[in-house]
Number of protein chains: 2
Amino acid sequence: MNLLLDTIARYVTLTPEEQERVVSATEFQSYKAKRILLKEGEICLHSYFVIKGILRSYTIDENGAEHVVSFASPGWWIADMYSYLSQRPGQLYIETNEDSEVIMLSKENQERLYDEVPKMERFFRILIENSLVANQQRLIDNLSFTAEARYDKFTKKHPDLIHCLPQKQIASYIGVTPEFFSKMKARLLKK
Amino acid sequence: MNLLLDTIARYVTLTPEEQERVVSATEFQSYKAKRILLKEGEICLHSYFVIKGILRSYTIDENGAEHVVSFASPGWWIADMYSYLSQRPGQLYIETNEDSEVIMLSKENQERLYDEVPKMERFFRILIENSLVANQQRLIDNLSFTAEARYDKFTKKHPDLIHCLPQKQIASYIGVTPEFFSKMKARLLKK
DNA sequence: GAATACACTTAACCTAGATTAAGAAATAAA
DNA sequence: TTTATTTCTTAATCTAGGTTAAGTGTATTC
């Protein structure tokens, strides 16, 4: 449970009472591997802060192809932001990759927290700023780099994830098919 | 000058004194068409709220190709978010498309505003949430849709912009070359 | 521990979109 | 009004990455 408070402490300083309010606004939960927490068309009622394991979010397009939107390892949040913020049906799936533990925060409780503990509004503001920057960078990378360069960037940025994710998920994240990814990897080994 | 206060009023309610603080934290500026406000390698000192005209942000990749990251028409903000938030050299250019008027807000003044007028922290939090959602959607669209579908979405989402942007900028925004864009448009006309 | 499903590889062939090049239209500049 | 500069179009050719298909691990299930 401390991972959350430690993460918050990196951005804002909470009093013990404020920490208590944060804790009581959240809910602990653990899930088996391959458990789907959210499906397309559902409303994303919680955002998840990962304590243990790995979650991922993805869409399935009209041809049935899966596109990974994000991975979340311990210390990171995951949600269908559109659906969570608007409380309307979204397009994302959220699924555990392995046995996982999360802390759940509902939209209501988050809004209540903003009023009770204004520092939490700052905390989340900064978190979202960081997501926005990362996301924008990923967009730029997709527009201007080759698949090989994107893979290279991914391995450097997430050296830990490389080993515990199935290749097809990495392929999907960088935006290529598993077949092409496999071919590309073989090509890279020859160098 | 009222466009800014009106926009803010859509999300939070400010007292007259708070409005005054907002106004005095900002600075008005007008620019001729094709004026570059920010270059790659520079620090983005301000974020710009557009009153009149159109601005755009873009990167230039290693092959010299331009990639439009965003357009801003009246009522919208634009900045190199990475550089603005971190106050480090960024990779984006920001340029006026036409004669334009903007309201400028520096990072310092924005942070001061957060403390003086906490509602402004909420305002910007919501704004950034919206950007994040839009940006994530654009990423998904790039991964799962064809260029034609992305163009179609763009025309529906920004019917106003279609007519006042050079085609090559629209092509760049949706992620294709001007030549392919031209071919695609001709193809669409035949239907 | 056989059976089934799933992840990964390889290879032949295919296509959306890129590149190159050259001309036509439109803007701007002089 | 002419000249330059930039934008847009068209067409031929090329390529990064997709598709299809078949085969080889490797988990998972019963």
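In what follows, chains carry the letters A, B, and so on, assigned in the order in which the sequence lines appear, proteins first and then strands, with residues in each chain numbered from 1.
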Item to check | Base versus backbone protein contacts along nucleotides 5-22 of chain D [heavy-atom cut-off under 4.0 Å; B, S, -] | outcome: --SSBB------BBBBB-
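Checked by atom type, the side-chain pair B/Q110/B/Y84 shows a donor-acceptor distance below 3.5 Å. When only modelled atom types and interatomic distance are considered, B/R112 and B/N109 share a side-chain donor-acceptor pair under 3.5 Å.
Pairing each heavy atom of A/R150 with each of A/I174, the nearest pair is NE-O, 3.2 Å.
Checked against the 6.0 Å centroid threshold, B/Y173 and B/Y58 do not count as a close aromatic pair.
The side-chain contact (heavy atoms from CB on, under 4.5 Å) test applied to A/D61 returns A/N63, A/A65, A/H67, B/S144, not counting sequence neighbours.
For the pair A/L143 CG and C/dG17 P, the computed distance is 13 Å after rounding to whole Å. With rounding to whole Å, A/L188 atom CG is found 16 Å from C/dT10 atom C1'.
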